[in-house]
Chemist: 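Encoded as C-alpha cells, here's the structure I'll be asking about.
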Amino acid sequence: MASDRRDQAVRAAVDQALLTGTEPVAALLDVAGVRASAAALRAAFADVTDAPVLHAFAVKASPLVPVLRLLYEAGLGAEVASPGELALARAAGVPPERTVLDSPAKTPAELREALALGIAVNADNHQELDRIGALFQQAPTASPLGLRVNPQIGGGTIEALSTATATSKFGIALRDEGARAHVVRTYLDRPWLTRLHTHSGSQGVPLSLLVTGIREVYELAEEINAAAGHRQVDTIDIGGGLPVNFASDEETPTYAEYARLLAAEVPGLFDGRYGLVTEFGRSLLAKHGTVLARVEYTKTSGSRPIAVTHAGVQVATRTVYDPVSWPLRIAAYDAKGLPKTGGPAVDQDVAGPACFAGDLLAVKRPLPLLEPGDIVAALDTGAYYFAHHYAYNSLARPGVYGFVTDDDGSVRFATVRPPQTVDEIVAEAGGGRPDVLLME
C-alpha cells in the first residue's frame, strides 16, 4: 500500500540522513505510485476508445526533469506553457511530437521555436492566430495547430482555478455575442487549423462540469466540420483537471470513472473520428509526494500547543495563503521516523519558519503531542508543492528524492534535486556583484 511505502520511506530518510539537523526539510516522491497513476490514466482511456490519445503531462505541476523523464518512460508526453517548461521537457527527452504548447501570452520567439520543432500549438486568441498565420507563411510547419475556446459554463469552488467562467482570461469566449460564428469562420478561412482545445479548470471543479465543457467543444468541432464539408478538426484536446482527494489516502475520483462518464455523455468523442489529447497534472502526482520537516521547538500560546517546524510557506505556498481551499493532511513521526503513537490526540498548530503569523501548515489539528526532534509529514504534496519554491526569508529549496521500496522492505533513494546551499542563495541574489548599485 502507498501508506506503507510512505512509512518505510520516512524511516529510511532518517536512517540515510536525508533529514538531519542541518537539512531539516526533505521532499519524497513515490516512484511506484507515479508509475501506477500513469498506467491507470492510459488504461482508462484505452478502455473507452481505440482512437490515438496523447496524454501530455502538465509540466507546471512538477517542473523537475527527472519527473518528466519518469512520466515519459511511463508513456506520457508533456504540456508546456513557457520557454522554461519547453526546455525542461526537451531536457527530459520528450520529443516534439509528444509535446503541446499552451499559454495565453506566447511571444513571437516562442511560437517560432515551437513551429520550427513541429510542436503542437494551441492558440489562445485571434491575434495569436494572425501571428501564427504570418509565421506559417514564412516557413511552413509540421506543427498541429489548434485554438483554445472557453465554453463559459461556470466555475467550481476555487475561483482562481476555474477557467471556464464568463470572464476567464483563457481562450475565445464561446458564448459572447457573435463569437461562435466567428470561430467557425476562422476555421474555414484557415485550413491549417485542425484542433480544438478546452480546459475548464481543475481542483474544485466537479466532473460533471468538466464533461459539460468537453461536450460543448465536441459539438463545436462537429459544427466546424459540417460547415467545412470534411473532417477539418481531427483532434480535440480536452485538457486535464481531474480533482484530487486531499482528505484521505483514497484516490478518488479515478481516471476510469472520468473516462466512463465522458464516454457516456459525449460518445461521439470516442468513436474513432477524433484523436484526443489530455493534459493531466496534479492528479498524476499529488498523492505520491510527501514533505518531511523536523520539529525544532514546541510551545504553547493561548493554551494551544504550537510545533514550530522548517516547512511552511516556502514549500506549501497555496496552503499557507489559502488554507480553506488547500488544506493539507499532516502525519506525525518520532525522531527515528516511526509513526508517532501513544497518548490522546491534542489540538495543535503546525507552524513554518517564515517571519509572518500566517505561516501555518495546519491550525488546531488533532495530532499526537509533538516534541522537538519529531517529524511532521505534509501529505499529498507531490504536485505544486515542493517543486515550486517560494523564497520567503531566503529559505533554501529542500532536496527532492524519489524512492522505491524493495521486497525486503529496504528503501532506495535517488536525488531528483539536491538541497539548495547558502552559497547558491547568495549567488542568485546578486552576491557576485555587490557594488553594482554604487553609482554616482
Side-chain angles (χ1 to χ4, degrees), residues 1-30 33 244-251 286-316 318-320 323 326-354 358-382 385-386 395 398-401 403 405 409 411 413:
M1 291 179 59
S3 59
D4 294 333
R5 294 196 301 269
R6 181 175 65 233
D7 287 347
Q8 291 173 319
V10 175
R11 174 69 181 273
V14 174
D15 290 345
Q16 298 182 37
L18 300 185
L19 192 72
T20 66
T22 55
E23 296 293 346
V25 184
L28 309 183
L29 191 66
D30 181 356
V244 171
N245 165 30
F246 285 102
S248 73
D249 279 332
E250 187 178 5
E251 294 187 40
K287 305 299 287 185
H288 311 306
T290 304
V291 173
L292 305 181
R294 283 169 51 89
V295 176
E296 195 66 44
Y297 300 109
T298 57
K299 56 186 177 181
T300 300
S301 183
S303 301
R304 189 157 72 218
I306 301 172
V308 181
T309 80
H310 291 273
V313 72
Q314 85 277 27
V315 292
R318 282 176 167 170
T319 292
V320 168
W326 300 102
L328 280 177
R329 292 187 296 143
I330 303 293
Y333 296 83
D334 66 21
K336 294 181 179 180
L338 297 173
K340 194 172 176 70
T341 58
V346 177
D347 287 349
Q348 55 201 296
D349 294 352
V350 180
D359 186 31
L360 301 165
L361 291 184
V363 175
K364 204 176 180 181
R365 187 68 58 84
L367 294 165
L369 187 63
L370 294 165
E371 302 170 295
D374 284 346
I375 297 165
V376 297
L379 310 183
D380 307 327
T381 48
Y385 279 89
F386 50 71
L395 293 164
V400 179
Y401 307 95
F403 71 87
T405 55
V411 179
F413 291 102

Chemist: Does any part of the side chain of L360, heavy atoms only, come nearer than 4.5 Å to the side chain of P323, both counted from C-beta?
Modeler: no

Chemist: Any heavy-atom pair between the side chains of I375 and L19 that's under 4.5 Å?
Modeler: yes

Chemist: If I compare all heavy atoms of A307 with all of L370, which pair ends up nearest, and what's the gap?
Modeler: CB-CD1, 3.6 Å

Chemist: Looking only at non-hydrogen atoms, find the nearest pair between L28 and F413 and report the distance.
Modeler: CD2-CE2, 3.9 Å

Chemist: Indicate yes or no: at least one non-hydrogen side-chain atom of P305 is less than 4.5 angstrom from one of L369.
Modeler: yes

Chemist: Give the minimum heavy-atom separation between A293 and H310, together with the two atoms involved.
Modeler: CB-N, 4.1 Å

Chemist: How close do V25 and A311 get, counting heavy atoms only, and between which atoms?
Modeler: CG2-N, 4.2 Å

Chemist: Taking C-beta and beyond as the side chain, do T405 and D4 meet within less than 4.5 Å on heavy atoms?
Modeler: no

Chemist: Give a yes or no on whether the backbone of V411 and the side-chain of Q16 come within a donor-acceptor separation of less than 3.5 Å.
Modeler: yes

Chemist: Using only atom types and a distance under 3.5 Å, with no angle test, would you say the side chain of Q348 pairs donor to acceptor with the backbone of T300?
Modeler: no

Chemist: Looking at every heavy atom in both L361 and G312, which two are closest together, and how far apart are they?
Modeler: CD2-CA, 4.1 Å

Chemist: Return the OH to CG distance between Y401 and L292, rounded to the nearest 0.5 Å.
Modeler: 10.5 Å

Chemist: Is the backbone of K287 close enough, under 3.5 Å, to the side chain of E251 for a donor and an acceptor to pair up by distance?
Modeler: no

Chemist: Would you mind listing every salt bridge (charged side-chain N to carboxylate O under 4.0 Å, His left out) that reaches into residues 15-29, with sequence neighbours excluded?
Modeler: R11-D15

Chemist: Given 3.5 Å as the limit, does a donor-acceptor pair link the side chain of T381 with the main chain of G289, or not?
Modeler: yes

Chemist: If every non-hydrogen atom of F246 is compared with every non-hydrogen atom of P327, which pair is closest and at what distance?
Modeler: CB-O, 4.1 Å

Chemist: Indicate yes or no for a side-chain donor-acceptor contact from D359 to the backbone of A354 under 3.5 Å, with no hydrogens or angles considered.
Modeler: yes

Chemist: Can a donor-acceptor pair be found, under 3.5 Å and without considering hydrogens, that links the side chain of E250 to the backbone of N245?
Modeler: no

Chemist: Show the numbers, then the answer: is there a side chain to side chain contact (heavy atoms under 4.5 Å, CB included) between D7 and Y333?
Modeler: CA-CA 9 Å; D7 287 347; Y333 296 83; 2.6 Å; yes

Chemist: Rounded to the nearest 0.5 Å, how far apart are CD1 of I306 and OG1 of T298?
Modeler: 10.0 Å

Chemist: Is a side-chain donor or acceptor of T319 paired with a backbone partner of W326 at a separation under 3.5 angstrom?
Modeler: yes

Chemist: Are any side-chain N or O atoms of T309 and backbone N or O atoms of A351, one a donor and one an acceptor, separated by less than 3.5 Å?
Modeler: yes

Chemist: Could you tell me whether R329 and D380 make a salt bridge, using a distance below 4.0 angstrom between a side-chain N and a carboxylate O?
Modeler: yes

Chemist: Not counting sequence neighbours, list each pair that qualifies as a salt bridge (charged side-chain N to carboxylate O under 4.0 Å, His left out) and has a residue in residues 335-353.
Modeler: R304-D349, K340-E371, K340-D374

Chemist: For D30, run the side-chain hydrogen bond (donor to acceptor under 3.5 Å, both in side chains) check against R6, R5, H288 and tell me which one passes.
Modeler: R5

